[in-house]
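Every chain is numbered from 1, with letters handed out A, B, ... down the list of sequences. Basis for what follows: all heavy atoms, side chains included, without hydrogens, waters or symmetry-related copies.
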There are 2 protein chains.
Amino acid sequence: MPATSPLAPPLAPAGAGFEHVRCQVVARPSASPSVALTYGTFDLFHIGHLRLFERIKQRYDRLVVAVSTDEFNAKKGKKSVVPFGDRIAMVAACRWVDQVFAETDWGQKERDIITHGADAVVMGSDWEGRFDDLKALCEVVYLPRTEGVSSTELKAEVVAAVRSRA
Amino acid sequence: MPATSPLAPPLAPAGAGFEHVRCQVVARPSASPSVALTYGTFDLFHIGHLRLFERIKQRYDRLVVAVSTDEFNAKKGKKSVVPFGDRIAMVAACRWVDQVFAETDWGQKERDIITHGADAVVMGSDWEGRFDDLKALCEVVYLPRTEGVSSTELKAEVVAAVRSRA
């Protein structure tokens, strides 16, 4: 019953056809912007991260990014080269990103989806299937990764470049 | 003589005080935005690059960044880990950057200043004095670098981190 929605603009004047009223409601400016959430460490912020953010922003109005803290990474047995404060600043300065916050534990994703009103959690395809338990709350999308670019591969390239000059 | 400048708005009506006229001229909306140019390779785009861009944007309305091509770096005996296409894309995606273009030779800076209507060339203080010959054309500013962060230092940290896990 879109014409009686509290969000709809005032009804068309008496005599206006149904099509006219429906058209007004479909185009109402109060429709919420779509929100996507993504998660990661984003060590050595690189073109793969950037292309993922860019593709997400082509599909959703707002992109909110959770960046793993150093303490959370330590729990997972991971250690980034770049410390948390610098990693989150790099992500926040990307023009495709609307908001950033810290990822501090495994169990927060359900809360994050509700807090940020997320329509989707979007991850690179290297995470395929790993976020499927969130499908009860929102869409879960895995986008193809940029071939040949990851923080691990970039670190190997740095080591090779430094060695070739030694 | 600000009240007679061709850019000034029409003179205040007869009887208005001098203070009133001066106030109009200072606040004129037709003033051009200030433009800063900076140059670099921006290999492994990092927090030092970001903080430099941020500080430049605090001083100037527009920031235009020239990114060295791989061929130009080869002439200087330098080789970046990240190829030109990815480096310029990373810089262009930074929210403090308004425009990017390629730096392909030593002699282009004078042309760039004129083409982009630059008020200043702004570089990190590691370049202190090296751009002073441009002072005939525009302001030349050297801003303090972020301590302990450079592409070279970051590469050394990557090597140390990879070795510690080997």
Checklist entry - Can you list the steps and then say if B:Leu154 with A:Leu44 is a side-chain contact (heavy atoms from CB on, under 4.5 Å)? => result CA-CA 9 Å; B:Leu154 189 54; A:Leu44 296 176; 3.9 Å; yes
Is there a path of hydrophobic side-chain contacts, each under 4.5 Å between heavy atoms of I/L/V/M/F/W/Y residues, joining [Y] to [X]?
X: B:Val35; Y: B:Ile56; value: no
X: B:Val64; Y: B:Val121; value: yes
X: B:Phe72; Y: B:Phe101; value: no
X: A:Val65; Y: A:Val140; value: no
X: A:Leu63; Y: A:Leu52; value: yes

Checklist entry - When heavy-atom pairs shorter than 4.5 Å are enumerated against chain B, which of A:Val81, A:Val82, A:Val159 gives the highest number? => result A:Val81
Produce the donor-acceptor pair table for chain B versus chain A, cut-off under 3.5 Å.
residue  : atom : partner  : partner atom : Å
B:Lys79  : O    : A:Arg165 : NH2          : 3.1
B:Ala92  : O    : A:Arg95  : NE           : 2.9
B:Ala92  : O    : A:Arg95  : NH2          : 2.9
B:Ala93  : O    : A:Arg95  : N            : 2.8
B:Cys94  : O    : A:Arg95  : NH2          : 2.8
B:Arg95  : N    : A:Ala93  : O            : 2.8
B:Arg95  : NE   : A:Ala92  : O            : 2.9
B:Arg95  : NH2  : A:Ala92  : O            : 2.9
B:Arg95  : NH2  : A:Cys94  : O            : 2.8
B:Arg95  : NH2  : A:Val97  : O            : 2.6
B:Val97  : O    : A:Arg95  : NH2          : 2.6
B:Arg165 : NH2  : A:Lys79  : O            : 3.0

Checklist entry - Nearest heavy-atom pair of B:Leu50 and A:Met90: which atoms, and what distance? => result CD2-SD, 3.7 Å
Next on the checklist: Going by side chain to side chain contact (heavy atoms under 4.5 Å, CB included), name the residues that satisfy it together with B:Ile88, two or more places apart in sequence or in a different chain.
Outcome noted: B:Val67, B:Phe84, B:Val100
Next on the checklist: Need one label for B:Ala156: side chain, backbone, both or neither, based on atoms under 4.5 Å from any heavy atom in chain A.
Outcome noted: neither
